[in-house]
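The sequence lines fix the lettering, A, B, ..., with proteins before strands; numbering per chain opens at 1. This is a predicted model, so every value here is computed, not measured.
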There are 2 protein chains.
Amino acid sequence: MDSINIKKLAKALNLSTSTISRAFRDNSDINGDTKERILAKAKELNYQPNHYASNLREQKSKTIAVIVPELANNYFSQAIHGIERVARENGYHILIYVTDDDYQKEVTFIRHLHNGRADGIIMSVSGEANDHNYLNKFGSKRLPLVFFDRIYEDIDTPRVITNDYDSSFLATEHLIEQGCKRIAYLVVNKSLSIGKTRMQGYIDALAKYRIPFEESLIVDCSNSYEENSLIIKEALTQLKPDGIFTSVERLAFATYYACYDLNINIPKDLKVISFSSLEIAPLLNPSLTTITQPAIEIGEEAAKLLFTVLDDQANKNRPNEVVLTSKIIKRNSTGK
Amino acid sequence: MDSINIKKLAKALNLSTSTISRAFRDNSDINGDTKERILAKAKELNYQPNHYASNLREQKSKTIAVIVPELANNYFSQAIHGIERVARENGYHILIYVTDDDYQKEVTFIRHLHNGRADGIIMSVSGEANDHNYLNKFGSKRLPLVFFDRIYEDIDTPRVITNDYDSSFLATEHLIEQGCKRIAYLVVNKSLSIGKTRMQGYIDALAKYRIPFEESLIVDCSNSYEENSLIIKEALTQLKPDGIFTSVERLAFATYYACYDLNINIPKDLKVISFSSLEIAPLLNPSLTTITQPAIEIGEEAAKLLFTVLDDQANKNRPNEVVLTSKIIKRNSTGK
DNA sequence: TTGTAGGCGTTATCAA
DNA sequence: TTGATAACGCCTACAA
């Protein structure tokens with residue numbers, strides 16, 4: 001074995017391992033010269049304290065795990081970017097787990113992470129329709145956990161969310177002001193809290209303008225591109241809406257494709273607004289009116305919140321909920 | 001300390017720690033009943049072998065590190081998705097590092113990773129203009145490393161790339177066939193190998209059609225959105241190209257924005273083709289002709305290649321280079 | 001088939 | 001200021 005470790009470095013310098021160790025720690029009593037000598041030699045030999053040994057000894061990993069439903073999505077990649085930045089600044093590393101919206105994977109990941117691999121978890125959940133109680137099974141041993149965006153309301157843990165209700169209300173209102181009378185709401189799973197909250201804004205905005213709520217205009221979509229394509233085309237031809245509000249970005253894309261195929265003109269025949277973090281929304285044909293969530297900032301806030309908890313296990317004086325504000329950006333897809 | 005470990009589990013079951021350990025390993029001699037009893041109790045008590053202790057003992061981490069220049073980019077998030085999938089299937093976890101195209105960060109990450117934290121590295125490089133030799137400093141202790149997309153040609157390590165030269169040649173040829181006579185090539189850093197390879201295809205295609213190569217039509221862009229906007233607008237007004245070929249996705253977006261501002265009609269006044277993995281290229285205004293790299297597959301191949309190396313340190317019978325094929329998808333931005 | 005014991009590389013405690 | 005030593009939790013060679 002030719003790899004370098006603290007013992008070899010100690011021998012090379014005629015010092016003890018404890019002295020070497022001290023050179024790498026800040027608060028230790030150590031002679032300045034000795035420290036420099038050690039660090040110089042360490043650099044020369046490419047020595048770095050073994051991470052696993054340190055972790056084992058110190059019982060922490062300086063690592064946080066990020067669990068997301070999907071990656072090929074502007075929102076989540078931006079959020080991860082934000083998390084990565086804050087983590088890095090704090091000397092932490094991030095592990096990425098993608099559930100593909102599979103509840104079982106989420107459970108497996110979370111269980112697994114409780115083996116000391118991570119000090120904390122940031123998660124956007126996948127299993128709202130399932131049993132969340134598995135998170136309580138860990139009791140006091142549960143890792144610090146922060147939710148963002150998609151959360152379990154019945155689990156008591158800090159969370160970063162956006163003002164979805166308000167945004168949905170305003171989005172619906174915007175469509176109404178632009179002349180829409182039959183507005184369909186496209187959602188991936190309406191029983192999920194994020195779908196529900198966003199839907200409530202839609203319902204209440206309709207009420208404000210005394211537009212009767214029609215159950216059939218709530219279109220429940222799936223995670224499959226092909227299925228959604230069929231569902232949306234059928235909705236467009238059967239329900240004949242003049243406005244569409246989609247709760248997630250990819251349903252807006254699917255709507256665009258469907259309209260291209262069906263020769264429906266956006267915005268003349270149909271106005272479209274969507275939750276989306278797509279940076280090139282202005283380049284779409286037509287440019288897409290969006291409710292834009294501050295994705296990077298959400299990631300940053302989630303990471304900061306987690307670090308607050310990590311720094312401060314005892315003291316519970318930390319916010320339990322951070323609410324960020326989304327912006328409606330009006331573009332041509334809802335023009336007159 | 002209320003946390004569970006192998007000793008407590010052993011005591012709870014009146015067994016020795018070695019027996020417990022064996023229950024979690026596949027190839028060990030252990031009584032079937034005992035094993036079941038142990039696993040059941042482990043589940044009950046939420047016990048999992050401590051990852052850091054195992055790693056320390058076994059000298060491997062079952063973790064691979066992925067280093068990319070940026071995350072908010074369809075290409076890289078798709079590639080990571082592919083890597084994640086293959087890693088997961090092999091029981092590996094992935095750590096993500098984003099360099100923001102900063103060479104120094106790359107060096108720091110790589111150095112750091114050599115402390116045992118990861119068993120291997122998959123990287124798309126950031127520092128082609130800099131000194132790559134730092135990678136050789138590790139000698140035989142260097143972690144198994146696989147490059148994808150952006151590589152250092154002078155470092156001997158397996159790589160996954162696409163047929164960039166051919167694609168560029170065909171892309172340029174396509175523009176010529178569509179009637180372009182003055183084709184500008186937009187690149188982020190033309191001294192980088194990926195820029196160079198792609199540029200050579202462009203140059204050779206021009207030559208085939210006896211179109212004189214003009215140095216000024218190579219437009220060197222930056223990483224800043226604002227700067228690029230200025231550079232591209234100036235190029236459009238000064239050079240008056242009738243075709244633009246961009247070596248990376250975001251330069252195509254910048255070109256679109258510039259054309260909107262300058263009232264240049266794509267494709268009538270200017271035809272645009274770009275390397276891009278954007279799934280919604282058909283939804284752009286106008287729909288964008290792309291050279292689409294198989295990003296997810298690239299990630300998968302890179303991961304597979306790394307696992308080949310990990311499984312097979314001694315035997316050098318593994319491919320050193322995997323070349324995947326990109327597809328040109330013709331859309332309206334290069335229409336007549 | 002199960003148990004005992006030593007060591008993976010580090011750091012904290014204590015003594016020098 | 002430095003050194004010796006024990007311990008973090010696990011795995012494996014060896015013994016029983």
Side-chain angles (χ1 to χ4, degrees), chain A residues 1-39 41-42 45-63 91 112-119 141, chain B residues 1-39 41-42 45-63 91 112-119 141:
Chain A
M1 196 59 169
D2 58 350
S3 100
I4 182 82
N5 60 27
I6 200 171
K7 277 188 203 159
K8 289 188 198 157
L9 187 58
K11 195 177 292 175
L13 286 162
N14 250 314
L15 288 168
S16 78
T17 59
S18 6
T19 310
I20 307 291
S21 179
R22 273 188 272 263
F24 286 89
R25 232 136 309 294
D26 286 336
N27 54 354
S28 287
D29 290 341
I30 186 173
N31 180 297
D33 292 347
T34 324
K35 180 166 178 174
E36 266 179 44
R37 248 178 72 222
I38 293 173
L39 293 181
K41 194 74 176 179
L45 299 181
N46 248 313
Y47 167 77
Q48 301 213 60
N50 180 290
H51 187 246
Y52 291 103
S54 307
N55 288 161
L56 177 57
R57 182 60 230 245
E58 297 184 37
Q59 303 288 33
K60 58 189 176 50
S61 66
K62 284 270 191 181
T63 300
H112 185 98
L113 286 168
H114 281 78
N115 67 355
R117 185 143 221 192
D119 295 338
K141 284 175 291 181
Chain B
M1 197 57 168
D2 58 350
S3 95
I4 182 84
N5 60 26
I6 201 171
K7 276 189 204 158
K8 289 188 198 157
L9 187 57
K11 194 177 293 177
L13 287 161
N14 250 313
L15 288 168
S16 77
T17 59
S18 33
T19 309
I20 307 291
S21 178
R22 274 187 270 262
F24 285 89
R25 233 131 304 293
D26 285 337
N27 54 352
S28 290
D29 290 341
I30 187 173
N31 180 297
D33 292 348
T34 324
K35 180 167 178 174
E36 266 179 45
R37 247 178 73 224
I38 294 174
L39 294 181
K41 193 74 175 179
L45 298 181
N46 248 313
Y47 167 77
Q48 300 216 57
N50 181 288
H51 186 247
Y52 291 104
S54 308
N55 288 159
L56 178 57
R57 177 62 228 248
E58 297 186 35
Q59 304 287 33
K60 58 189 175 49
S61 66
K62 284 271 190 181
T63 300
H112 185 98
L113 286 168
H114 281 78
N115 67 355
R117 188 145 221 194
D119 295 339
K141 284 174 292 183

Between [atom2] on [N] and [atom1] on [X], what's the gap in Å once rounded to a whole number?
X       : N      : atom1 : atom2 : result
A:Glu58 : D:dG9  : CD    : C1'   : 15 Å
A:Lys8  : C:dC8  : NZ    : P     : 11 Å
A:Gln59 : C:dT10 : CD    : C1'   : 12 Å
B:Arg37 : C:dT1  : CZ    : P     : 15 Å
A:Asn50 : C:dG7  : CG    : C1'   : 14 Å
B:Phe24 : D:dG9  : CZ    : P     : 15 Å
B:Tyr52 : C:dC8  : OH    : C1'   : 16 Å
B:Asn14 : C:dT2  : CG    : C1'   : 13 Å

Side chains of A:Ile38 and A:Leu13 in contact at under 4.5 Å (non-hydrogen atoms):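 A:Ile38 vs A:Leu13: side chains touch.
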Side chain proximity check, B:Lys41 to B:Tyr47, heavy atoms < 4.5 angstrom: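 SC-SC contact between B:Lys41 and B:Tyr47 ruled out.
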Distance from [X] atom [atom1] to [Y] atom [atom2], nearest 0.5 Å?
X       : Y       : atom1 : atom2 : result
A:Tyr52 : B:Gln59 : OH    : CD    : 11.0 Å
A:Ser21 : A:Leu9  : OG    : CG    : 11.0 Å
B:Lys35 : B:Arg22 : NZ    : CZ    : 12.0 Å

Shortest non-hydrogen contact from B:Ala53 toward A:Leu56: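 B:Ala53 and A:Leu56 have their closest heavy atoms at CB-CD1, 3.8 Å.
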Selection from C:dC8, D:dT12, C:dT10 that lies nearest to any side-chain heavy atom of A:Ala53: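 Of C:dC8, D:dT12, C:dT10, C:dT10 is nearest to the side chain of A:Ala53.
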Listed nucleotide nearest any side-chain atom of A:Thr19, set C:dT10, D:dG3, C:dT2: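 Comparing C:dT10, D:dG3, C:dT2 against the side chain of A:Thr19, the answer is D:dG3.
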Please produce a list of atom pairs where a protein N or O lies less than 3.5 Å from an N or O of nucleotides 4-6 of chain D.
unit_1: D:dA4; atom_1: N7; unit_2: A:Ser18; atom_2: OG; d: 3.3
unit_1: D:dA4; atom_1: N6; unit_2: A:Ser18; atom_2: OG; d: 3.1

By the 4.0 Å heavy-atom rule, please label [X] as base, sugar-phosphate, or nothing.
X       : result
B:Leu56 : base
A:Leu15 : sugar-phosphate
A:Ile30 : sugar-phosphate

Presence of A:Lys7 side-chain N/O under 4.0 Å of C:dC8 phosphate oxygens OP1/OP2: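 Result: yes.
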A:Ser16 side chain to A:Thr19 side chain, donor-acceptor N/O pair below 3.5 angstrom: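 The answer is yes; a qualifying pair exists.
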